[in-house]
Amino acid sequence: VQLQASGGGLVQPGGSLRLSCAASGTGFSIGTMNWHRQAPGKQRELVAGITRGSSTNYADSVKGRFRISRDNAKNTVTLQMTSLKPEDTAVYYCEADYMEYRETIVAGRAWGQGTQVTVSS
């Protein structure tokens with residue numbers, strides 16, 4: 001399973017961005033999907049997560065500003081970011097738990113390549 005993230009860029013404080021991530025492969029199903037971020041000099045942190053049943057969780061720092069959603073049919077996850085702040089500047093990574101159906105069932109975790117979000121005037 002591979003994840004491809006897109007949608008990062010440069011935005012002014014108070015602006016909005018939408019990140020998307022798509023899973024690809026054969027014979028798989030996706031479980032929980034998450035967005036993480038890593039700012040320069042800081043550890044990677046979990047920003048938001050969504051289960052297959054669409055239960056969500058958010059870091060306190062983004063509650064009320066970010067919204068995570070998914071499309072199970074398309075194996076995609078989206079992070080809608082609003083009221084962006086300079087401290088949201090980071091590389092954002094999508095991550096997903098998956099099951100691959102081969103001769104045996106293989107469980108794994110995949111990461112996307114990261115997309116840069118810069119919030120600056």
Side-chain angles (χ1 to χ4, degrees):
V1 173
Q2 293 185 326
L3 300 181
Q4 179 70 42
S6 61
L10 172 65
V11 64
Q12 292 187 341
S16 299
L17 275 177
R18 183 185 178 94
L19 304 183
S20 296
C21 179
S24 62
T26 58
F28 68 95
S29 63
I30 299 292
T32 297
M33 305 183 84
N34 298 306
W35 284 98
H36 303 255
R37 67 186 180 188
Q38 187 166 20
K42 294 188 177 182
Q43 288 188 333
R44 189 173 297 189
E45 63 171 344
L46 176 65
V47 175
I50 185 167
T51 67
R52 188 167 180 85
S54 293
S55 295
T56 60
N57 64 279
Y58 297 92
D60 288 343
S61 59
V62 307
K63 281 181 181 177
R65 300 188 298 120
F66 290 12
R67 181 176 180 272
I68 189 170
S69 60
R70 66 187 287 167
D71 185 326
N72 288 335
K74 296 180 179 179
N75 290 313
T76 59
V77 62
T78 298
L79 186 68
Q80 180 68 49
M81 305 184 293
T82 62
S83 302
L84 282 160
K85 305 175 181 180
E87 51 264 43
D88 294 317
T89 296
V91 178
Y92 284 70
Y93 299 89
C94 58
E95 170 255 312
D97 293 330
Y98 64 86
M99 303 286 279
E100 279 188 324
Y101 304 98
R102 306 176 183 175
E103 292 80 10
T104 60
I105 298 174
V106 177
R109 177 167 292 171
W111 287 84
Q113 82 282 14
T115 183
Q116 177 70 46
V117 171
T118 302
V119 185
S120 175
S121 55

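Along the sequence shown, the residues carry numbers beginning at 1. None of the values given here were measured: they were computed from a predicted structure.
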Nearest 0.5 Å please: distance from the SG atom of Cys94 over to the CD1 atom of Ile68. 9.5 Å
Tell me, with the steps shown, if Glu45 and Arg37 meet side chain to side chain contact (heavy atoms under 4.5 Å, CB included). CA-CA 5 Å; Glu45 63 171 344; Arg37 67 186 180 188; 2.6 Å; yes
Evaluate Asp88 against Lys85 for salt bridge (charged side-chain N to carboxylate O under 4.0 Å, His left out), listing each step before the verdict. CA-CA 5 Å; Asp88 294 317; Lys85 305 175 181 180; over 6 Å; no
Might you confirm whether atom CD of Gln2 has over 12 heavy atoms from other residues, nucleotides or ligands at distances under 6.0 Å? no
In one Ile/Leu/Val/Met/Phe/Trp/Tyr side-chain cluster, 4.5 Å: Leu19, Val119: yes
Thr51 side-chain N/O to Thr32 backbone N/O, donor-acceptor pair under 3.5 Å: no
Give a yes or no on whether Met81 and Val11 share a hydrophobic cluster (residues Ile, Leu, Val, Met, Phe, Trp, Tyr; joining criterion: side-chain heavy atoms under 4.5 Å apart). yes
With no hydrogens and no angle check, is any side-chain donor or acceptor of Arg52 less than 3.5 Å from a backbone partner on Asn72? no
Please walk me through it: do Asn34 and Ile50 pass side chain to side chain contact (heavy atoms under 4.5 Å, CB included)? CA-CA 6 Å; Asn34 298 306; Ile50 185 167; over 6 Å; no
Nearest-0.5 Å distance, CG of residue Asn75 to CZ of residue Arg70: 8.0 Å
Interatomic distance, CG@Leu10 vs OG@Ser121, rounded to 0.5 Å, equals 9.5 Å
Close side-chain approach of Leu17 to Leu84, heavy-atom, < 4.5 Å: yes
Trp35 reachable from Tyr58 in the ILVMFWY side-chain graph, under 4.5 Å edges: yes
When rounded to the nearest 0.5 angstrom, what distance separates CD in Gln80 from CZ in Arg67? 8.5 Å
Does one hydrophobic cluster hold both Phe28 and Met33, with members joined at side-chain heavy-atom distances below 4.5 Å? yes
So do Ile30 and Asp97 actually touch side chain to side chain, heavy atoms under 4.5 Å? no
Within this structure, what is the CG-NE2 distance for the pair Leu79 and His36, rounded to the nearest 0.5 Å? 11.5 Å
If I compare all heavy atoms of Met99 with all of Ala107, which pair ends up nearest, and what's the gap? SD-CB, 3.6 Å
Decide if atom CZ of Arg109 counts as having more than 12 heavy atoms of other residues, nucleotides or ligands within a radius under 6.0 Å. no
Kindly assign one of parallel, tilted or perpendicular to the pair Tyr92 and Phe66, based on the angle between their ring planes and the thresholds 30° and 60°. tilted
Minimum heavy-atom separation for Gly8 to Thr115, with atom names? N-OG1, 3.1 Å
Between CG of Asn57 and CG of Leu46, what distance do you get to the nearest 0.5 Å? 5.5 Å
Is atom CD of Glu87 surrounded by more than 12 heavy atoms (other residues, nucleotides or ligands) closer than 6.0 Å? yes
For the residue pair Thr118 / Gln116, report whether a side-chain donor-acceptor contact shorter than 3.5 Å exists. yes
State whether the side chain of Gln113 and the backbone N or O of Gln4 hold a donor-acceptor pair below 3.5 Å, judged by distance alone. no
Co-membership, hydrophobic cluster, residues Tyr93 and Val47, 4.5 Å side-chain: no
Side-chain contact, heavy-atom cut-off 4.5 Å: Pro86 with Pro13? yes
Worked verdict on Val77 versus Ser20 for side chain to side chain contact (heavy atoms under 4.5 Å, CB included): CA-CA 6 Å; Val77 62; Ser20 296; over 6 Å; no
Any donor and acceptor pair, going by atom type alone, linking the side chain of Glu95 with main-chain N or O of Gly112 inside 3.5 Å? no
